[in-house]
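Worksheet for the structure shown next.
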There are 2 protein chains.
Amino acid sequence: MKVLIVEDDPLHRSYLHEAVNAALPECDTVIEAENGTAGEKLARDHKSAHIVMDLQMANRNGIEAARTIWKERPETRILFWSNYSDEAYVRGVSRIVPDGAAYGYVLKSASDERLKLALRSIFIESQCVIDREVRGLQQKSLGQTNGFTDSEYEILVDIALGLTDRAIAKRRSLSLRSVQNRLQQLYDKLDVYQTAGDDHEDGRFNLRARAVTIAFLRKLLNYSALERAEAELQEWLDEK
Amino acid sequence: MKVLIVEDDPLHRSYLHEAVNAALPECDTVIEAENGTAGEKLARDHKSAHIVMDLQMANRNGIEAARTIWKERPETRILFWSNYSDEAYVRGVSRIVPDGAAYGYVLKSASDERLKLALRSIFIESQCVIDREVRGLQQKSLGQTNGFTDSEYEILVDIALGLTDRAIAKRRSLSLRSVQNRLQQLYDKLDVYQTAGDDHEDGRFNLRARAVTIAFLRKLLNYSALERAEAELQEWLDEK
DNA sequence: CGCCGTCTTGCGTAAACCCGCAGCTTGTTG
DNA sequence: CAACAAGCTGCGGGTTTACGCAAGACGGCG
C-alpha cells in the first residue's frame, strides 16, 4: 500500500509522514509532493496510491489537483488536511467529489489521534470522515436552512468577479431583471441592509461591493475560491 | 535574555523554539503564546522579552498584536515570521513600526540558516533584517514607481469595504468629484480597462467591483487587511 | 514673478444599479 | 383540478457611478 502526501510546508509534510507511518503499518511506501502540480504527476505514476492533500498551496491548490486526479481515477481516496473550515473550501471540495468516492476532511488543528483514525478509516475501511466543524458547514451549504442556494452562491461569485448585471445575465442565460432579483435575494441573506442604513442616511453602502466584503469576512468566499472562479471566467470569455 | 514566541501552529511553534535555542545560547527563557491576545499579555508580563511573531493567526493577528505591544513599549524588537509576502501584509507592518525600532520580516520558506541569522541580527545586534522578496515589495510600496500611493491604497480599501462615493467623501473629507477622480486613477493603475473591454461590448465589468477583485488576486489586499479596515470603519461609524 | 504640473472641485450626461409593481410559467399540494 | 408558492420577465423611475470639460488652488523652478 502506498500513500502520497501533497503538502506545501516541510514541517507539516514530515509530520504527516510520521503520522502515516504510525497509523498505517501496512503502508510500505510514502511519497511526498510539495505542490499540486507535482502531486498530480505522482498520482499518475503511482496509480494505486492513497492521497493526503493540503488545500492551500502556492503553486496549484489542493482542490484543483484533486479535481484532475479524480477525473482520471474517480476511485482514488483522498484525505484533505486543511487549516481552515471556510465555507468556500468546503463548498469547493463537495463540488468536485465523485459519486460514492471515499474521502475525508480533517482540520490541522485536530489531535494526532483524530488524524490517525481518519487515515485508517478512509484508506483501510473506505469510509468518509469529515470533521465535525466542517460537517456543520456542509449541512448548511446543502440544506437550505440559513445557508446559500447554489444560485445565490453563483451570483455572489459573479459580482465578486466584477461582472456587470448584463454580463451575468448573458453568462447565466437569464434576463437582466432576474439577475437583479437574485442580487436582492443575496443582499437580504447577507444582511447588507442592517449594516448599511442603521437609520442615518449618512453612512450608506454600495450594496454590491458591500455584499462581497461581507461574504469575505464571513468566509463564504476566500482567495482560492476567487482564483478558481476567475479561471473559469477567463475560460468562458475565451470560448464566447 | 527572554524570547517570546507567538504562533498559531504547534508544529511551527516547536520548530521556532528549537531554532531560538540553537541560534541564541544567551537566551535563558523561551515563552510561547498561541494567539495574538495571549501574546500581548505575555509581552506585558515579561517586559524585557524579544518577540517572534506569526502574522496570520485565528484569534488576533500578528499586526494587531504588534501594534498594541509597540504602543506600550516601542523599543521592543519583533521578528515577523510569515508564510506570505503579500503587499497587504508588508504594508500593514510598515504602517505600524515605530521610528527607529529594530524589527525583521522573514518568510517561513527561508532556510534554517537564514532564520537563525535573522534572530541573532535583530535580538543581539539590533539590526533590521528583511527578506529580499519582502524588501522588493516595500520599495515599491514606498517609492511611487508602479506601486500605489497611500491615497490610492486608501480609496482601494474604501471601495473594498463597500462604501459609496459619498460616504468616502465624508470619511476622507473630500468632495464627491475628488473621490471619483481618485477612483479613476486607481482603475488606471489596476488595469481594469484592459481586462474589461477587450473590445467587445459584451463582457463588460463593473469597474468598482472589478478593481477590488484584481487587487485581491494581486495580493494588494487580503483577508486580514480587510478585517483591520473593517474594524477601523466601525470605529469611525460609531464616533460619527 | 510667471510658467507648469498636480490635485481639487463643480457641472452635466450617459450608463449602470436598485427595486416596487405586475403579469407568466412552473412545480407542488390538498 | 384549483390553489398556492417560487421563480422569471418586462416596465418605470429614482439613485449612484463613471467620466469629459474646465475653472481654481498650491507648490516648485527657472
Side-chain angles (χ1 to χ4, degrees), chain A residues 143-156 158-197 200-215, chain B residues 143-145 147-197 200-215:
Chain A
Q144 59 286 52
T145 359
N146 176 24
F148 289 76
T149 328
D150 279 339
S151 67
E152 284 157 0
Y153 186 74
E154 202 176 61
I155 207 165
L156 170 61
D158 282 342
I159 59 170
L161 285 173
L163 294 171
T164 58
D165 292 2
R166 199 192 314 283
I168 299 175
K170 198 155 292 177
R171 184 174 187 199
R172 306 298 182 188
S173 307
L174 288 172
S175 76
L176 212 156
R177 189 60 180 90
S178 292
V179 171
Q180 295 172 332
N181 263 340
R182 292 190 179 185
L183 279 176
Q184 281 183 254
Q185 204 175 326
L186 181 70
Y187 298 154
D188 266 347
K189 286 224 182 163
L190 284 176
D191 243 13
V192 187
Y193 303 102
Q194 188 172 4
T195 62
H200 280 70
E201 289 287 315
D202 267 3
R204 256 274 197 14
F205 283 111
N206 175 320
L207 299 179
R208 172 177 289 248
R210 186 63 182 167
V212 176
T213 314
I214 292 183
Chain B
Q144 58 285 55
T145 357
F148 289 76
T149 329
D150 279 340
S151 67
E152 284 158 358
Y153 186 75
E154 202 175 62
I155 208 164
L156 170 61
V157 170
D158 283 341
I159 59 170
L161 285 174
L163 295 171
T164 58
D165 292 3
R166 198 191 316 282
I168 299 175
K170 198 154 291 177
R171 186 175 186 196
R172 306 298 183 188
S173 306
L174 287 172
S175 76
L176 212 156
R177 189 60 180 89
S178 291
V179 171
Q180 296 171 331
N181 261 342
R182 293 192 177 184
L183 278 176
Q184 282 183 254
Q185 204 175 327
L186 181 71
Y187 298 156
D188 266 346
K189 286 223 183 165
L190 284 177
D191 243 13
V192 188
Y193 303 102
Q194 187 172 6
T195 62
H200 280 69
E201 288 288 315
D202 268 3
R204 255 277 196 10
F205 282 111
N206 175 319
L207 298 179
R208 174 178 287 248
R210 186 64 182 165
V212 176
T213 313
I214 292 183

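A, B, ... follow the sequence lines: proteins, then strands. Residue 1 opens every chain.
Comparing D:dC8, C:dT9, D:dC19 by their closest approach to the side chain of A:Leu174 singles out D:dC8. Of the candidate nucleotides D:dC19, D:dT17, D:dT9, D:dT17 has the atom lying nearest to any side-chain atom of A:Asn206. Comparing D:dG20, C:dT9, D:dT9 against the side chain of B:Ser178 picks out C:dT9 as the nearest. Among the nucleotides C:dT8, D:dC8, C:dC19, the one closest to any side-chain atom of B:Asn181 is C:dT8. Checking C:dT8, C:dC19, D:dC19 against the side-chain heavy atoms of B:Leu207 singles out D:dC19 as nearest.
The distance between atom CG of A:Leu176 and atom C1' of D:dC11, rounded to the nearest whole Å, is 12 Å. With rounding to whole Å, B:Gln185 atom CD is found 10 Å from C:dT6 atom C1'. When rounded to the nearest whole Å, the span between CZ of A:Arg204 and P of D:dG14 equals 16 Å. Rounded to a whole Å, the CZ atom of A:Arg182 is 9 Å from the P atom of D:dT9. Note: CZ (A:Arg166) to C1' (C:dA15) measures 8 Å, nearest angstrom. As rounded to whole Å, 15 Å separates atom P of D:dA23 from atom CZ of B:Arg177. Going from atom CZ of B:Phe205 over to atom C1' of D:dT17 covers 17 Å, rounded to whole Å. At whole-Å resolution of the value, CG in A:Asp150 and C1' in D:dG7 are 16 Å apart.
Of the inter-residue distances, the one linking B:Ile168 atom CD1 with B:Leu183 atom CG reads 6.0 Å to the nearest 0.5 angstrom. The line from CG of B:Leu161 to CD1 of A:Ile214 is 10.5 Å long, rounded to the nearest 0.5 Å. One finds the CG atom of A:Leu163 at 12.0 Å from the NZ atom of A:Lys170 (value rounded to the nearest 0.5 Å). B:Leu186 CG to B:Asp158 CG: the interatomic distance, rounded to the nearest 0.5 Å, is 10.5 Å.
Judged by distance alone, with hydrogens and angles left aside, A:Gln180 brings no side-chain donor or acceptor close enough to the base of C:dC17 to form a pair under 3.5 Å.
Heavy atoms of A:Leu183 sit under 4.0 angstrom from primed sugar atoms or phosphate atoms, though from no base atom. Among the atoms of the strands shown, none is found under 4.0 Å from any heavy atom of A:Arg172.
A:Arg182 is listed as a side-chain neighbour of A:Leu174, based on a closest heavy-atom distance under 4.5 Å.
The shortest distance between the side-chain N/O atoms of A:Tyr187 and the OP1/OP2 oxygens of C:dC17 is not below 4.0 Å.
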